[in-house]
Amino acid sequence: MASFKKYRVGSKFKLSQIDPGDTAFCEGNEAAQREEIDALAVELDELQNLLHAEGKRKVLLVLQGMDTSGKDGTVRWVFSRTSPLGVRVAAFKAPTEEERARDYLWRCHAVVPRTGEIAVWNRSHYEDVLVPVVEGWIDKAETKRRYAQINDFERLLVETGTAVVKCMLHIDKDEQRERLQARIDTPGKQWKFSMGDLEVRTKWPAYQRAYESALSATSTEHAPWYVIPANSKRHRNLMIAQLLVKTLRQMKFKAPAPDPALKGMIVK
């Protein structure tokens with residue numbers, strides 16, 4: 001099995017070091033890979049049951065990436081066998097008027113996972129150190145302050161029992177072009193396409209630099225970033241499923257002790 005070490009963001013991280021077309025976590029033929037994804041999804045459901053039964057800790061999966069990088073697809077495949085009662089997905093869009101009237105982390109606090117729950121953030125608080133940076137809405141000093149605030153926010157989550165798993169879905173510009181074109185050419189997928197996607201695409205280099213800076217500044221010991229090569233959708237799903245299962249295994253859940261009052265009870 002491939003190691004996650006290469007993909008964990010460190011202090012001297014460069015996004016160019018990770019090949020978006022890498023498929024290191026794909027082993028065997030396509031059928032074997034699909035079987036592995038399904039097996040991981042089943043195990044994830046079992047681990048989520050133990051997380052819920054223990055009732056003390058939580059898990060937060062953060063998914064970031066350029067348009068078409070596969071955040072929705074990741075949720076659909078990785079959690080395909082998990083009870084919807086144990087997983088809650090929050091999609092972060094442009095801030096509403098209500099949200100803009102408060103600090104940028106306010107809307108995040110409202111959707112952190114409850115005890116026994118896995119929360120998945122489709123985009124996240126990191127939008128506030130990506131879009132404003134690229135658009136020039138905040139300066140370098142404010143950006144640096146936000147990095148520090150995000151690190152403190154995530155430390156708070158970890159210290160109160162939340163395991164934070166952060167994944168940047170890494171695709172290249174050619175792969176994005178193909179996926180955007182497929183949306184345009186497929187009537188059933190046109191609803192996914194926005195003209196704004198093309199505007200953001202013209203700023204590709206600026207977004208790559210913003211991601212590189214944000215990941216380097218906020219990949220901490222308590223909440224590290226992992227860059228997920230995502231040109232291959234199957235590889236993306238396998239890698240994230242393996243990372244999430246590994247994280248949950250390491251939490252070593254303990255189910256509640258048997259209730260003595262139930263010993264010998266017969267249901268009639």
Side-chain angles (χ1 to χ4, degrees), residues 1 4 8 25 34-65 70-92 105-126 150 152-169 220-226 228 236-267:
M1 182 180 294
F4 291 101
R8 178 168 170 161
F25 285 79
R34 292 186 181 279
E35 286 180 9
E36 184 182 359
I37 291 173
D38 192 55
L40 287 165
V42 169
E43 183 174 1
L44 183 59
D45 179 51
E46 294 169 352
L47 289 165
Q48 193 283 319
N49 283 337
L50 289 173
L51 172 69
H52 178 75
E54 183 190 67
K56 296 178 180 179
R57 290 175 286 178
K58 324 100 172 177
V59 176
L60 171 61
L61 174 63
V62 175
L63 300 176
Q64 280 289 154
K71 297 176 288 294
D72 292 342
T74 296
V75 175
R76 185 163 53 250
W77 283 98
V78 172
F79 296 98
S80 61
R81 302 292 291 273
T82 310
S83 169
L85 296 175
V87 178
R88 182 160 50 97
V89 180
F92 286 75
L105 288 173
W106 178 78
R107 63 176 180 168
C108 300
H109 279 281
V111 290
V112 296
R114 299 176 52 154
T115 52
E117 183 180 64
I118 298 174
V120 184
W121 288 0
N122 183 334
R123 301 188 188 272
S124 66
H125 47 315
Y126 284 94
I150 286 172
D152 288 341
F153 169 63
E154 291 175 355
R155 184 180 298 107
L156 167 66
L157 294 182
V158 172
E159 290 177 350
T160 53
T162 302
V164 179
V165 181
K166 301 186 296 189
C167 297
M168 188 269 185
L169 311 189
T220 59
E221 191 63 33
H222 57 273
W225 271 107
Y226 291 88
I228 311 296
R236 173 200 72 206
N237 297 337
L238 275 167
M239 187 173 176
I240 293 176
Q242 287 184 24
L243 178 60
L244 197 54
V245 165
K246 178 183 177 182
T247 300
L248 287 162
R249 286 175 182 167
Q250 291 174 339
M251 294 174 77
K252 299 185 182 302
F253 301 116
K254 294 182 179 179
D259 185 350
L262 299 180
K263 186 176 182 179
M265 180 179 291
I266 304 297
V267 177

Measuring from atom CG of Leu169 to atom CZ of Arg236, what distance do you get when rounded to the nearest 0.5 angstrom? 7.0 Å

Mind running side-chain contact (heavy atoms from CB on, under 4.5 Å) on Val165 and Leu60 for me, showing each step along the way? CA-CA 6 Å; Val165 181; Leu60 171 61; over 6 Å; no

List for me each residue that meets ring pair (Phe, Tyr, Trp, His ring centres under 6.0 Å) alongside Phe79, sequence neighbours excluded, and say none if there are none. none

What are the two closest heavy atoms between Leu243 and Cys167, and how far apart are they? CD2-SG, 3.8 Å

Partners passing ring pair (Phe, Tyr, Trp, His ring centres under 6.0 Å) against Phe153 (at least two apart in sequence or in another chain): His109, His125

Closest heavy-atom pair, Thr82 versus Ala41, reported as atoms and distance to 0.1 Å, is OG1-O, 4.2 Å

Could you pull out all donor-acceptor pairs under 3.5 Å where a side-chain atom in residues 248-255 meets a protein atom, sequence neighbours excluded?
| unit_1 | atom_1 | unit_2 | atom_2 | d |
| --- | --- | --- | --- | --- |
| Arg249 | NE | Glu43 | OE2 | 2.7 |
| Arg249 | NH2 | Glu43 | OE1 | 2.8 |
| Arg249 | NH2 | Glu43 | OE2 | 3.1 |

Should we say atom CZ of Arg8 is surrounded by more than 12 heavy atoms from elsewhere, each under 6.0 Å from it? yes

Do Arg34 and Asp38 have side-chain heavy atoms sitting under 4.5 Å apart? no

How close do Pro256 and Ala53 get, heavy atom to heavy atom, and via which atoms? CG-O, 3.2 Å

To the nearest 0.5 angstrom, please state how far the NZ atom of Lys58 sits from the OG1 atom of Thr160. 4.5 Å

Does the side-chain contact (heavy atoms from CB on, under 4.5 Å) test come out yes or no for Phe4 and Met239, once each step is laid out? CA-CA 9 Å; Phe4 291 101; Met239 187 173 176; 4.0 Å; yes

Got Leu63 and Ile228 here, is their nearest side-chain heavy-atom distance under 4.5 Å? no

Here the gap from Leu238 atom CG to Leu40 atom CG, rounded to the nearest 0.5 Å, amounts to 7.0 Å

According to salt bridge (charged side-chain N to carboxylate O under 4.0 Å, His left out), who are the partners of Asp259, at least two apart in sequence or on a separate chain? none

To the nearest 0.5 Å, how far apart are OG1 in Thr220 and CG in Asp152? 10.0 Å

Heavy atoms, side chains only, cut-off 4.5 Å: are Tyr126 and Lys166 in contact? yes

Worked verdict on His222 versus Val164 for side-chain contact (heavy atoms from CB on, under 4.5 Å): CA-CA 8 Å; His222 57 273; Val164 179; over 6 Å; no

When you measure from the side chain of Arg88 to the backbone N and O of Val112, does any donor-acceptor pair fall under 3.5 Å? yes

Output every pair passing side chain to side chain donor-acceptor pair (under 3.5 Å) with a member in residues 44-57, not counting sequence neighbours, ordered by first then second residue. Glu54-Arg57

Counting C-beta onward and ignoring hydrogens, is there a side-chain heavy-atom pair between Ser124 and Gln64 closer than 4.5 Å? yes

Heavy-atom closest pair, residues Phe92 and Cys108: CE2-SG, 3.8 Å

For a 4.5 angstrom cut-off between non-hydrogen side-chain atoms, does Ile240 reach Trp77? no

Shortest non-hydrogen contact between Thr74 and Asn237, atoms and distance: CA-OD1, 3.7 Å

Might you work through the side-chain contact (heavy atoms from CB on, under 4.5 Å) test for Leu244 and Val59, ending with a clear yes or no? CA-CA 9 Å; Leu244 197 54; Val59 176; 4.2 Å; yes

Tightest non-hydrogen contact, residues Trp121 and Val111, listed as NE1-O, 3.2 Å

Test of understanding: with salt bridge (charged side-chain N to carboxylate O under 4.0 Å, His left out), list the residues that count as partners of Arg123, not counting sequence neighbours. Asp67, Glu127

In this structure, CG of Leu156 is separated from OG1 of Thr162 (nearest 0.5 Å) by 8.5 Å

